[in-house]
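Have a look at the structure below, then the notes.
A note on names: the letters A, B, ... follow the listed sequences, proteins ahead of strands, and every chain is numbered from 1.
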Protein chains: 2
Amino acid sequence: MPPKTKTPEQRSALQQLILDAARELFVARGIEAVSMREIAKRVGYSPTTLYLYFQDKQHLLQTLCDHDFLTLAHELRALEQEDNPLAQIKALCQSYSRYAQLYPNQYRLMFMTPKFNISKDTTTLRHGNPEQDAYAYLLAMVESAHQQQVFRPEAGDSNLIAQTLWAGIHGVCSLQIIFAEDDWLDWQAYEARVHLMQQTLLAGLLKPA
Amino acid sequence: MPPKTKTPEQRSALQQLILDAARELFVARGIEAVSMREIAKRVGYSPTTLYLYFQDKQHLLQTLCDHDFLTLAHELRALEQEDNPLAQIKALCQSYSRYAQLYPNQYRLMFMTPKFNISKDTTTLRHGNPEQDAYAYLLAMVESAHQQQVFRPEAGDSNLIAQTLWAGIHGVCSLQIIFAEDDWLDWQAYEARVHLMQQTLLAGLLKPA
DNA sequence: ACTTTTTACTTTACATCGTTAAGTTAACGG
DNA sequence: CCGTTAACTTAACGATGTAAAGTAAAAAGT
């Protein structure tokens with residue numbers, strides 16, 4: 001008993017339903033627990049129907065991932081806009097690490113899972129736009145700080161600095177996600193590690209006082 | 001045509017053969033490409049035979065992983081022993097990042113893949129022993145530097161410092177592995193990012209000159 | 001008004017995966 | 001010579017992603 005023809009709104013509504021079901025599954029039990037069949041069961045359709053709305057599993061996950069990139073960018077921009085760019089960078093580190101702790105599965109999908117697909121076909125809107133691209137936002141902050149010549153000259157250009165800041169915080173976050181349960185090394189508190197990393201990065205990049 | 005009884009040496013020889021076949025597969029094509037059936041085909045046995053030598057796939061991978069932890073620890077210790085502990089730390093960063101670049105699949109398995117098993121049953125030998133545990137080695141270096149009071153007092157104890165150093169370099173390495181192909185941000189050269197990270201971490205942790 | 005095409009979906013099916021149960025066959029212990 | 005055991009295989013189960021082939025109702029064409 002297939003129903004009548006669908007309006008574009010109805011089509012994208014079902015697409016969103018599928019995405020919601022997929023997210024619900026993988027935030028709860030991790031990426032590897034998501035199966036097309038189980039998503040289908042949740043939305044009440046047969047498994048093959050999903051392939052009318054997404055090319056394959058990889059593209060479905062990529063769509064989820066793209067959406068989370070936007071969410072993260074928005075969350076990071078929701079900070080109180082401190083006037084000082086350095087204070088902004090500190091707040092950014094704080095928010096970023098909080099996001100990783102709150103949504104470890106999303107974080108894993110976004111930043112710790114290899115992607116085997118192309119970049120052209122999906123949303124290319126966000127790249128470089130600070131509204132939609134968290135890295136572009138960070139880069140803008142670094143550049144605005146750079147103009148005030150606060151960084152050591154040997155640190156290099158804004159891109160290199162931004163990438164180093166990102167890598168530093170990402171290192172703390174990703175190790176936390178992988179090794180939080182492990183007890184073979186006595187982990188300091190997550191917040192303490194984030195804080196020291198942020199302090200260290202800035203102290204190491206800025207000109208000595 | 002099953003052969004005669006096996007000596008313990010022959011048993012562990014076959015176990016090693018299985019491990020070698022598994023490694024060959026996953027260094028070449030990544031962890032997700034490794035299947036028990038294909039490993040079995042490589043060693044010339046039926047798939048079920050592998051289960052006589054390993055509890056399941058997870059344990060087989062864990063054994064590979066354990067071996068790589070040892071290898072890494074050995075490679076890091078193979079550095080020329082600089083007398084200066086700070087020079088040692090620099091060399092350690094260099095070797096560590098080189099390892100990640102040379103063996104990205106091993107690195108992913110070791111440091112970027114969640115483990116769903118217990119820690120008790122596998123080799124618990126290495127933990128804390130600088131000969132076998134790369135983190136313990138790093139920690140020893142940091143402690144030896146700490147005794148010379150080179151670190152800023154606000155940096156905290158040796159464990160926190162070691163974890164921050166590790167996280168910083170790991171951040172650069174893991175982002176490289178995941179996003180090396182991506183072009184939506186213009187990556188600086190890997191070596192440049194490693195170098196700036198190392199410089200930044202030390203400059204931020206050490207007392208100002 | 002009747003036929004044809006298209007849309008939305010399902011059923012069936014295939015290949016592959018990890019893993020278990022049930023053989024099979026050769027060597028060994030009695 | 002017979003029974004047990006060690007080493008391994010074949011067959012099979014349930015799950016996975018996904019393609020091919022239906023099915024039925026609405027839309028389009030005449």
Side-chain angles (χ1 to χ4, degrees), chain A residues 1-19 21-23 25-26 28-65 109 113-118 121, chain B residues 1-19 21-23 25-26 28-65 109 113-118 121:
Chain A
M1 42 288 275
K4 50 177 76 180
T5 54
K6 274 188 160 167
T7 68
E9 293 82 35
Q10 287 173 318
R11 267 195 69 83
S12 71
L14 179 47
Q15 175 152 352
Q16 193 54 53
L17 247 174
I18 295 168
L19 286 172
R23 159 160 289 111
L25 273 174
F26 104 108
R29 311 212 303 269
I31 315 161
E32 39 280 311
V34 193
S35 82
M36 297 298 263
R37 292 170 136 97
E38 199 165 353
I39 300 170
K41 193 176 287 175
R42 288 225 172 192
V43 292
Y45 287 85
S46 85
T48 49
T49 299
L50 306 201
Y51 290 87
L52 303 173
Y53 292 85
F54 296 94
Q55 188 173 332
D56 55 21
K57 189 182 180 182
Q58 189 65 229
H59 279 76
L60 199 163
L61 285 177
Q62 184 61 50
T63 308
L64 272 182
C65 195
L109 180 60
T113 308
K115 321 202 164 21
F116 310 101
N117 44 5
I118 328 99
D121 53 348
Chain B
M1 44 289 273
K4 48 177 76 180
T5 54
K6 273 187 161 169
T7 69
E9 293 82 36
Q10 287 172 319
R11 267 195 69 85
S12 71
L14 179 47
Q15 176 153 350
Q16 193 55 53
L17 248 174
I18 294 169
L19 286 171
R23 158 159 291 113
L25 272 174
F26 104 107
R29 311 211 304 269
I31 314 160
E32 38 280 312
V34 192
S35 81
M36 296 297 265
R37 291 171 136 97
E38 198 163 355
I39 300 170
K41 193 176 289 178
R42 288 225 172 193
V43 293
Y45 287 86
S46 86
T48 47
T49 299
L50 305 201
Y51 290 86
L52 303 174
Y53 292 85
F54 296 96
Q55 188 172 335
D56 54 24
K57 188 183 181 182
Q58 189 65 231
H59 279 77
L60 199 163
L61 285 177
Q62 184 61 50
T63 308
L64 272 182
C65 195
L109 180 60
T113 306
K115 321 206 164 20
F116 309 102
N117 43 5
I118 328 99
D121 52 349

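Here the P atom of nucleotide D:dT16 and the NZ atom of A:Lys57 are 9 Å apart, to the nearest Å. The distance from atom OH of A:Tyr51 to atom P of D:dA21 is 18 Å, rounded to the nearest whole Å. Atom CG of B:Leu50 and atom C1' of C:dT19 are 11 Å apart (whole Å). With rounding to whole Å, A:Gln58 atom CD is found 12 Å from D:dG17 atom P. Per the geometry, CE belonging to B:Met36 stands 16 Å off C1' belonging to D:dA15, to the nearest Å. Across the protein-nucleic acid pair, A:Lys41 atom NZ and D:dT16 atom C1' stand 13 Å apart, rounded to whole Å. The interatomic distance linking A:Asp56 (CG) with D:dT16 (P) rounds to 17 Å, in whole Å. The distance between atom CZ of A:Phe54 and atom P of D:dA19, rounded to the nearest whole Å, is 16 Å.
Where A:Leu14 and B:Val34 meet DNA chain C, the nucleotide closest to each residue was compared, and A:Leu14 sits on the side nearer the 5' end. Between B:Arg11 and B:Arg37, it is B:Arg11 whose nearest contact on DNA chain D lies nearer the 5' terminus.
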Which is it for B:Gln10 and B:Leu14 under the side-chain contact (heavy atoms from CB on, under 4.5 Å) test, yes or no, and what are the steps along the way? CA-CA 6 Å; B:Gln10 287 172 319; B:Leu14 179 47; over 6 Å; no
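Across all strands shown, A:Thr48 has heavy atoms under 4.0 Å from base atoms, whether or not it also approaches the sugar-phosphate. Across all strands shown, A:Ser35 has heavy atoms under 4.0 Å from sugar-phosphate atoms exclusively, and none from any base. Within 4.0 Å of A:Tyr53, counting heavy atoms only, lie sugar-phosphate atoms of the nucleic acid but no base atom.
Atom CG of residue B:Leu109 and atom NZ of residue B:Lys115 lie 6.5 Å apart, to the nearest 0.5 angstrom. Atoms OG1 and CD, from B:Thr113 and B:Glu32 in turn, are 8.0 Å apart once rounded to the nearest 0.5 Å. Atom OG1 of B:Thr63 and atom CZ of B:Phe54 lie 5.0 Å apart (nearest 0.5 Å). Here the OG-CG distance, from A:Ser46 to A:Leu52, works out to 8.0 Å after rounding to the nearest 0.5 Å.
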Nucleotide N/O to protein N/O under 3.5 Å, stretch nucleotides 2-5 of chain D:
none

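Counting heavy atoms from C-beta outward, A:Gln15 and A:Ile18 have side chains that stay 4.5 Å or more apart. In this structure, the side chains of A:Leu17 and A:Tyr45 stay at 4.5 Å or more apart for every pair of heavy atoms.
Residues B:Pro47 and B:Arg37 come closest through the heavy atom pair CG-CG, 4.0 Å. Among all heavy-atom pairs drawn from B:Leu19 and B:Leu64, the shortest one is O-CD2, 3.7 Å.
The rotation axes computed at either terminus of the helix from C:dA1-D:dT30 to C:dG30-D:dC1 lie 30° apart, taking five pairs at each end and rounding to 10 degrees.
Distances shown here put a side-chain N or O of B:Lys6 below 4.0 Å from the OP1 or OP2 atom of D:dC8. OP1 or OP2 of D:dA27 sits under 4.0 Å from a side-chain N or O of A:Thr5.
Side chain of A:Lys57 to main chain of A:Val34: a donor-acceptor pair is present (N/O by atom type, distance under 3.5 Å, no hydrogens or angles).
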